[in-house]
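Position 1 is the first residue of the sequence; numbering continues from there. Read the numbers this way: they start at 1 and go in the same order the structure lists the ligands and their atoms. This one's a predicted model, so the numbers in the text were calculated from it and none came from an experiment.
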Amino acid sequence: MTKKQKKILIRVIISAVLLIALHFIPFGDRWYISLLAYLIPYLVVGYDIVLNAVKKLIKGRLFDEELLMMIATVGAFIIGDYPEATAVMLFYQVGELFQSIAVGKSRKSISDLMDICPETATVVRDGVEEVVDPYEVSVGDIVIVKPGEKVPIDGEVIEGNTTLNMAALTGESLPVERGIGQTIFSGSINLTNVIKLRTTTEYDDSTVAKILELVENSTDKKSQSEKFITKFARVYTPAVVICAVLIILGCILFTDMSISDSVYRGLIFLVVSCPCALVVSVPLSFFGGIGAASRNGILIKGSNFLEILSKVDTIVFDKTGTITKGNFAVDAIHPNQVDADELIDIAALAESRSNHPVAESIVAAHGKHIASERLGEVSEISGKGIKAVIDGKCYYVGNGKLMEEVHADYHECHLPGTAVHVALEGEYLGHIIINDEIKDDSKEAIAKIKDSGIKKTVMLTGDNEKVASKVASDVGIDDYRAGLLPDQKVSSLESIMSENNTVAFVGDGINDAPVLTRADIGIAMGALGSDAAIEASDVVLMDDSLNKIPVAVKISKKTLRIVKQNIIFSLVVKIGIMILGALGIVGMRFAVFGDVGVLVIAILNSVRAMRVPK
Ligand code: ADP
Ligand code: MG
């Protein structure tokens, strides 16, 4: 509990004790003494609410819950029901206290994540270690990270090797090993050895800063349910005030009730009508759901996306880098006219500036020095390959489509795998066969995805039919479309979207940004260190395991279930009490108790959203 919450709790206790004590004092007909006496516990517990209500009244904000409370309680004082007025204020304050504790708790779950923020960085300048603010470290500085410390800024290890805990980033608690030449991300915790790294970004562009920005902005994007509640409250409150006035007038005109009894009925109606249980619990549930997801290394960019995710019935996957590892191994080199070494030299040189998984794998398989001075203009032809000028001559490296485009007389290979063909102008030089591996957990993840209630899975790929059908059947994907160019991926996705309700696309952000954006919801994986993925998607999986997807789906479904429960429960109970109150069956105290009770139950229910479903 915060200091402020403790103060409110103390006021609540004092006021409750006074209220009970006053109950036993016989005031007789000295009403003014009784009024003054009850005003004490009333003001002890509610002075700030009365002040706020008056301030809002002056500003012209008429239909506010605090104002509603003030009207109801002042009304009760005017008609002479002092204990009632005090009790109402007391209950209301208890509800508020509860609400602030719950909101605080879910904020804390997100700020636990904020805990990944390093406060200092140890840089080495002119051979001297210096502890500085991470903001003062520039790109290329040497930073020392000792065991137990957080990595302050993204960088490349230049000395030492160690194990790191990246749980705050990926949700994965198994430690990972990193050594010289490898990149490590800010927010990971160094577990075992001292390491030195050379920073590769500014603090502001580091992984931690990006995650925090995402999480902070996520509450701005409102879900349909939240928007509905806000609109609902706007219409509902004035409607209820009008109803209350009608009830009072009706009782005075058409029954033989006294004026004060009539006003009392109207007031009961007003008190119960306060929509705070909904206004508070719905956003709180979404907040909890987003928090639960982020603790698992799943960043959801807004509650609207959590809502869409819960409705997804079809998931479309990219192949390379998403279902497969994206590390191709060279299986065979089949040269025509040139020798094998020359073929792979040309291919590696042409690919050396591309970050496509095919390109990186060929460069890695080549393994030798890249003579980049031989390289002229290079252009990437999306979904097909590369056009590169080497020694002044124009080479093409890519798939069959690219060969057709340049009229090279290529032939498909009998070996399984992806063929990277090479041509000099229109002259065919041969091909390299590469094969990708399926990620270890892809098959298991697809099964879990189906278990979580997703009806259909589809794979889209630019790779050839043979490879596509093997991968799809190996991991258990229902359907696939192969040989697609990037724009054909978009149109395939659109046709899938027209046949199904809500479609998610999962990609790694490398050349699938258009599809990620076009889908009802775009999920990017392997986002650690990839800006493109973070930009284009709505849901970001920090690591590249498909296993996060069923978890995300479950969290979203659970959150939405809680939201629905709260909406239905609050409305049913409130409407019930309103009717009972208007008929004079229940009094004010019961009404307030019911109201606060609904609020507390709804809040407790939404707190459940913070827990991750097993
Ligand atoms: P995916 O859908 O599997 O992610 P892409 O659309 O990126 O694949 O590419 C489709 C195909 O185009 C690849 O399978 C490969 O044959 C070819 N290709 C794309 N980029 C390159 C490249 N840089 N070098 C060679 N081939 C490439
Ligand atoms: Mg891809």
Proximal candidate to [atom] [heavy atom criterion; set [options]]:
| atom | options | result |
| --- | --- | --- |
| atom 24 (N) of ligand 1 | E351, H421, K384 | E351 |
| atom 8 (O) of ligand 1 | A419, G462, A388 | G462 |
| atom 3 (O) of ligand 1 | V397, V358, T320 | T320 |

Per-atom contacts, ligand 1 versus [X] - under 4.0 Å to a heavy atom:
| X | answer |
| --- | --- |
| G398 | 25 (C), 26 (N) |
| K489 | 1 (P), 2 (O), 4 (O), 6 (O) |
| E380 | 23 (N) |

Residues [X] and [Y] bridged, charged N to O under 4.0 Å:
| X | Y | answer |
| --- | --- | --- |
| D436 | K325 | no |
| K301 | D538 | no |
| K448 | E444 | yes |
| K319 | D463 | yes |

Donor-acceptor under 3.5 Å (T559 side chain, S285 main chain)
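Side chain of T559 to backbone of S285, a donor-acceptor pair under 3.5 Å: no, none is there.
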Any donor-acceptor pair under 3.5 Å linking the side chain of S361 with the backbone of P357?
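Yes.
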Which bit of [X] is near ligand 1, meaning a heavy atom under 4.0 Å away: side chain, backbone, both or neither?
| X | answer |
| --- | --- |
| N464 | neither |
| I386 | side chain |
| T418 | side chain |

Taking the side chain as every heavy atom from C-beta outward, state whether L485 and K384 have any pair of such atoms under 4.5 Å apart.
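Counting from C-beta outward, L485 and K384 do come under 4.5 Å.
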Please confirm whether [X] comes within less than 3.5 Å of ligand 1 when only nitrogen or oxygen atoms on both sides are compared.
| X | value |
| --- | --- |
| G383 | yes |
| P486 | no |
| H356 | yes |

Measure centre to centre between the rings of Y428 and H421, then say whether the value is under 6.0 Å.
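Yes, ring centres under 6.0 Å apart.
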